[in-house]
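If you read the sequence from its start, that first residue is 1, and numbering goes on from there.
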Amino acid sequence: MLAAVVVLFLAAGLSDSVILTKCGLKQQLQTSLTLPPNTTNVLAQIVCHVQLTSNFNTSAIKTINETEKPHESQGPRRGRSAKNVRPTKVTPKPHLESGEDKNEFWTLYGLFQLSDHVVCNSTQRHSLNLCGLTCDKLLDDNISDDVACVQVLINKMTAVIPDPETAKRIHKMISLIYQPECANAKASVYFADCPQP
């Protein structure tokens, strides 16, 4: 009886998780994202980052200590999926009056590994909550809110006069998930095995 309950619990916990494919994500992003002009390879770079940080898993969660260099402290990024990363227990610290959250840990959520410092509210720390979401919304199999959040980030970063504090936080989040292998990803090569529309 106990074994049946455990199996049902695990099945229910995994039911909201989806592993996407590179070509499937490309297709969804092409129809949902509005990218700035003359950015042919940005879509390939975004999908490449998704592949290397979350392994296309919609329920991936990672916690990173911001004082460490993410690429050195976490081991090799290639082929590493979120299920192989043990989350670090986060102890919330009180919000500081300066407006700067000095908490050393950043928790990254979902397919795009978006941070609770910037895009969503996890109740663990102060957040800009640019996307107006609770972080658990970035962990389900519905990626429409994840994609909409990425669009918010693109819009904030490409605004004529971006807010400096918001831009600083977004850059920090991007630096935590940045994969050097993706910086020069070319759409024609990266998506070569995807069916053409």
Q. Which value, rounded to the nearest 0.5 Å, describes the distance between Trp106 atom CH2 and Ser175 atom OG?
A.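 Answer for the CH2-OG pair, Trp106 versus Ser175, is 7.5 Å.
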Q. Do you know which two heavy atoms are closest between Ser32 and Val147, and how far apart they sit?
A.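 For Ser32 versus Val147, the nearest heavy atoms are CB-CG1, 3.6 Å.
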Q. What closest approach, in Å, do Leu128 and Thr166 show between heavy atoms, and which atom pair accounts for it?
A.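 Closest approach of Leu128 to Thr166, heavy atoms only: CD1-CA, 4.1 Å.
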(Q) With a 6.0 Å cut-off on the ring centroids, do His49 and Phe112 count as close? (A)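 No, the ring centres sit 6.0 Å or more apart.
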Q: Please say which of Leu111, Asp141, Asn142 ends up in a side chain to side chain contact (heavy atoms under 4.5 Å, CB included) with Val18.
A: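 Result: among Leu111, Asp141, Asn142, Asp141 is the only option passing the side chain to side chain contact (heavy atoms under 4.5 Å, CB included) with Val18.
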Q.
Within the supplied structure, the quantity of interest is the number of heavy atoms (other residues, nucleotides, ligands) at a distance under 6.0 Å from Gln27 CD; does it exceed 12?
A.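 Not more than 12 within 6.0 Å, no.
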**Q.** Side chains of Asn55 and Gln51, donor plus acceptor under 3.5 Å
**A.**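 No pair is found: no donor N or O on one side chain lies under 3.5 Å from an acceptor on the other.
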Q) Is there side-chain contact between Thr53 and Lys62, with heavy atoms separated by less than 4.5 Å? A)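 Touching, per the 4.5 Å side-chain cut-off.
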(Q) So Cys120 and Leu114, do their side chains get closer than 4.5 Å, heavy atoms only? (A)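 Heavy-atom side-chain distance check fails, nothing below 4.5 Å.
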Q.
Has Arg125 got a side-chain atom pairing as donor or acceptor with Phe105's backbone, closer than 3.5 angstrom?
A.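 A pair under 3.5 Å: yes.
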List the atom pairs, donor and acceptor, that lie under 3.5 Å between side-chain atoms in residues 39-48 and the rest of the protein, sequence neighbours left out.
| unit_1 | atom_1 | unit_2 | atom_2 | d |
| --- | --- | --- | --- | --- |
| Thr39 | OG1 | Pro36 | O | 2.4 |
| Asn41 | OD1 | Ala187 | N | 2.8 |
| Gln45 | NE2 | Ala183 | O | 3.0 |

Q | Partner residues of Lys22 under the salt bridge (charged side-chain N to carboxylate O under 4.0 Å, His left out) criterion, sequence neighbours left out | A |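 By the salt bridge (charged side-chain N to carboxylate O under 4.0 Å, His left out) rule, Lys22 matches Asp193.
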